[in-house]
*Asks:* 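For reference, the structure I am asking about is given below.
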Amino acid sequence: MDFSAPDYDDLIKRYIDVCNRAIMLNHDRFPFKQILGAAKNAEGSKIIEVRIKEGSPDLSYAMTFDQEGLVARPHSTCTECQCDRKWGVSKSYLEDVTKNPEDYIQNPAKLDWEWMYDVSTE
């Protein structure tokens with residue numbers, strides 16, 4: 001199946017929803033409280049460019065933490081954006097997370113938090 005930009009937008013939106021639900025449900029549990037708290041503090045002002053590896057090369061997303069949790073928007077909406085890092089992720093991983101959300105919400109360690117680290121994975 002060939003995905004269009006709206007399909008990828010929906011996929012990213014659903015993935016971010018799972019991540020935020022996992023954070024909310026587990027924010028007081030060890031070790032997630034410490035990991036997610038540190039990530040939120042450290043990443044609060046960071047912009048991570050998310051590129052779906054199978055997607056069009058010009059289609060990417062800018063992901064940040066705000067007071068509500070993770071937020072993603074099309075990278076094209078950033079004006080003079082200076083992303084702090086890049087994260088390449090497979091469509092199949094995003095699809096698995098969104099098709100099995102409770103597995104990831106109940107155990108956030110299964111989520112790929114690689115984007116939090118200071119590495120570029122394209």
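As the structure is a computational prediction, the values presented were derived from the model and not from experiment.
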*Asks:* How long is the gap from CG on Asn26 to CD1 on Ile105, to the nearest 0.5 Å?
*Replies:* 9.0 Å
*Asks:* Could you pull out all residues at least two apart from Ser90 that satisfy side-chain contact (heavy atoms from CB on, under 4.5 Å)?
*Replies:*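 If we apply the side-chain contact (heavy atoms from CB on, under 4.5 Å) test to Ser90, skipping adjacent residues, the hits are Glu54, Ser92, Tyr93.
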*Asks:* Please round to the nearest 0.5 Å and tell me the distance separating atom OH of Tyr61 and atom CD1 of Ile52.
*Replies:* 5.0 Å
*Asks:* Quick one: are Leu111 and Tyr15 in side-chain contact, heavy atoms under 4.5 Å?
*Replies:*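 In contact.
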*Asks:* Quick one: list whatever passes side-chain hydrogen bond (donor to acceptor under 3.5 Å, both in side chains) with Asp10, sequence neighbours left out.
*Replies:*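 For Asp10, the residues satisfying side-chain hydrogen bond (donor to acceptor under 3.5 Å, both in side chains) (neighbours in sequence not counted) are Arg14.
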*Asks:* What pairs with Asp17 under salt bridge (charged side-chain N to carboxylate O under 4.0 Å, His left out), at least two apart in sequence or on another chain?
*Replies:* Arg21
*Asks:* Are Val18 and Met24 in one and the same hydrophobic cluster, where Ile, Leu, Val, Met, Phe, Trp and Tyr link if side-chain heavy atoms are under 4.5 Å apart?
*Replies:* no
*Asks:* So, applying side-chain contact (heavy atoms from CB on, under 4.5 Å) with Ile16, which one of Val71, Leu94, Leu70 is it?
*Replies:*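 Testing Ile16 for a side-chain contact (heavy atoms from CB on, under 4.5 Å) against Val71, Leu94, Leu70 leaves exactly one candidate, Leu70.
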*Asks:* I'd like to check Tyr104 versus Asp96 (side-chain heavy atoms, cut-off strictly below 4.5 Å). Are they in contact?
*Replies:*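 They are in contact (side-chain heavy atoms under 4.5 Å apart), so the answer is yes.
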*Asks:* Between atom CZ of Arg51 and atom CG of Leu59, what is the distance when rounded to the nearest 0.5 Å?
*Replies:*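 Here the interatomic distance stands at 8.0 Å.
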*Asks:* Within a reach of under 6.0 Å around NZ of Lys13, are more than 12 heavy atoms found that belong to other residues, nucleotides or ligands?
*Replies:* no
*Asks:* Does any part of the side chain of Lys46, heavy atoms only, come nearer than 4.5 Å to the side chain of Phe65, both counted from C-beta?
*Replies:*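 No, too far: nothing below the 4.5 Å cut-off.
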*Asks:* First locate atom CD1 of Ile12, then atom CZ of Arg73, and finally report the distance between them rounded to the nearest 0.5 Å.
*Replies:* 13.0 Å
*Asks:* Hey, does Ser60 have a side-chain heavy atom less than 4.5 Å from the side chain of Lys86?
*Replies:*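 Heavy-atom side-chain distance check fails, nothing below 4.5 Å.
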*Asks:* Can you check whether Val89 reaches Val50 side chain to side chain, under 4.5 Å on heavy atoms?
*Replies:*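 They are in side-chain contact.
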*Asks:* Quick check: do Gln82 and Ile47 have side-chain heavy atoms less than 4.5 Å from each other?
*Replies:*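 When only atoms from C-beta onward are counted, Ile47 and Gln82 do not touch, as no gap falls below 4.5 Å.
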